[in-house]
Amino acid sequence: MAALHLLGVGLIQSTAMAVMFMLPVLARREFNANKLETLVVTAAPTILFSLSIFWNDYFSRRSMLRYLLVYWAIGCLPMALVAFAHSFWQLLVPHLIASIGGAGFHPAAGGLLRSLYPERVRGRMYSILWGGSMVVSAVMGYAIGEWLNRDPQAFRVYLPLIAALQLAGVLVFIWVSHLSGHAGDRVIRTSDERGRIRRLIEPVAHMSQILKADPIFARYEAAYMTYGVGWMICYALLPLLVTDKLNLPYDKVAESTHVAYLCAIVVMLYPAGLLMDRLGAVRSTGLSFALLTIYPIGYMLARNDHDLLISSVLYGMAHAGASVGWMLGPVSLAPSPDKVPQYVAIHATLVGIRGKIFQGLGVLLYAIFGRFEVPLALAAAAYAWSAIQMWQLHRKIKAVGK
């Protein structure tokens, strides 16, 4: 079962990561995107995570089969249309649609994860799943970088192929859900006669209610929000750093950033999962946040692709705990299995909220000062403060005996 689960995650998420990482660089190089346009392409997937709570509402009303096919049609298929793009807007519109759909993956993935694996091994299993997925993404990212370096129009071939692979991954996920009984055990709410406006605002109201009723989860999200300041700034600046400052070709961009990061995080994911099983999501994630203060400083000092590679390796090693905690925190803090998709959706939604604010802030500070050092220093400070917040939360949990 785990092997099929890994295959499904690899075909869906690994391919998406490889495509989305290179897309802002592609937009800047082949479609002459300016700084603002590059930011929009970079930020769209994370900002539109804010729609996850609405996807969760839809998830609660549909079978796994129907839900995942709709997810593929909106979140994966539009990227194939970029193969026919000849202007920036023809790239941007399908990308925005796919980003809207991409927010739909997490409720289904979180629910399936908790259904398949008991808590005592969930951290290790998630690290294996996520690590395997990242290996696939690293290989694909390297291949895409090499292919684009030889033929800048290669995206016209690989994007439709990837959409087909993602459909295969969706079918594997549907198969796993049926084999595990997860699809059959789900209680699917039927539609009612409530007004459309009420249906639209209800997921937001539920999110607010849960955060007020569960202060532990709310403080966990507050620490992740602070961590997100650092992550979003660095994420938004990277396409500009590799083009404006370092002027790297496609293959060097892939090798010194995406591939190096993924190789490092894969090595550290299982130890991070083991540590999370021993120490819990809160304490181990706090340690990861503290270590992450290092890599924005590496970006500041980078003068070539070798310096950037070292920074990316440090980033991957430090980020392993935060990556595992990203999913396992909401999964473990949810009070019951049926609440897991909603907790994961809330977490993903808040990613979108911080993405709206802080990716733009990073690029704005770069535009104002003309230097990367100012926003990157802010990113490092945010990581340090998020670690403190997470350790304070651990002391609170220990004090109340949870």
Side-chain angles (χ1 to χ4, degrees), residues 46 110 119-124 126-127 130 210-235 261 264-265 267-299 311 313-335 340 343-344 346-351 353-355 357-358 361 375-402:
T46 46
E119 186 173 2
R120 67 180 183 277
V121 299
R122 196 176 294 137
R124 279 163 283 179
Y126 180 72
S127 67
W130 194 230
I210 286 174
L211 291 173
K212 287 179 180 177
D214 191 339
I216 298 297
F217 181 55
R219 289 188 65 171
Y220 188 82
E221 290 303 318
Y224 255 95
M225 185 67 74
T226 307
Y227 146 86
V229 176
W231 194 90
M232 293 292 175
I233 288 174
C234 294
Y235 181 74
Y261 159 76
I265 200 173
V267 171
M268 295 302 296
L269 269 177
Y270 189 81
L274 183 61
L275 190 67
M276 195 155 290
D277 288 338
R278 299 285 176 85
L279 300 182
V282 173
R283 224 179 345 167
S284 55
T285 302
L287 176 61
S288 178
F289 287 177
L291 294 173
L292 281 167
T293 59
I294 299 170
Y295 95 93
I297 299 170
Y299 278 6
S311 299
V313 168
L314 292 174
Y315 172 32
M317 294 174 67
H319 198 231
S323 182
V324 176
W326 194 95
M327 179 65 81
L328 289 189
V331 168
S332 62
L333 292 173
V340 169
Y343 269 57
V344 173
I346 289 171
H347 186 66
T349 294
L350 293 174
V351 170
I353 292 172
R354 67 191 187 224
I357 302 169
F358 300 114
L361 176 62
L376 289 172
L378 176 60
Y383 280 131
W385 178 241
S386 67
I388 294 170
Q389 286 179 290
M390 201 63 84
W391 290 330
Q392 288 173 338
L393 176 59
H394 169 68
R395 288 197 293 269
K396 179 178 176 61
I397 292 173
K398 191 174 180 181
V400 299
K402 279 197 174 184

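Any value given below was found using the heavy atoms of this structure, including those in side chains, with hydrogens, waters and symmetry copies removed. Position 1 is the first residue of the sequence, and the numbers go up from there.
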Parallel, tilted or perpendicular: rings of Y220 and F217 (30°, 60°): parallel
Residue pair L292, H319: steps toward the side chain to side chain contact (heavy atoms under 4.5 Å, CB included) verdict: CA-CA 7 Å; L292 281 167; H319 198 231; 3.9 Å; yes
Pairwise side-chain contact, I216 with K396, heavy-atom cut-off 4.5 Å (strictly under): yes
Side chain to side chain, T226 and F289, heavy atoms closer than 4.5 Å: no
Heavy-atom pair of closest approach, residues A382 and G230: CB-N, 3.7 Å
Contact summary for A387 and A290, nearest pair of heavy atoms: CB-N, 3.5 Å
Pairwise distance NZ(K398) to CZ(R283) - rounded to 0.5 angstrom: 7.0 Å
Residue pair A223 / Q389: nearest heavy atoms and the distance that separates them: CA-OE1, 3.7 Å
Which atom of H394 lies closest to which atom of V282, heavy atoms considered: N-CG1, 3.7 Å
Note, I297 side chain near L376 side chain (heavy atom, < 4.5 Å): no
Spatial distance of atom CG (L211) from atom CD1 (I346) [nearest 0.5 Å]: 5.5 Å
Of all pairs that satisfy side chain to side chain donor-acceptor pair (under 3.5 Å), the ones with a partner from residues 285-297, not counting sequence neighbours: Y295-Y383
Minimal non-hydrogen separation, A320 against I265, with atom names: CA-CG1, 3.7 Å
Gap between atom CH2 of W231 and atom CZ of F358 - 0.5 Å precision: 14.0 Å
Distance in Å, I397 CD1 paired with R219 CZ, rounded so as to fall on 0.5 Å steps: 9.0 Å
Distance in Å, L287 CG paired with L279 CG, rounded so as to fall on 0.5 Å steps: 8.5 Å
Separation of Y261 OH from S323 OG (nearest 0.5 Å): 5.5 Å
Least distance between heavy atoms, L361 atom then L378 atom: CD2-CD2, 3.9 Å
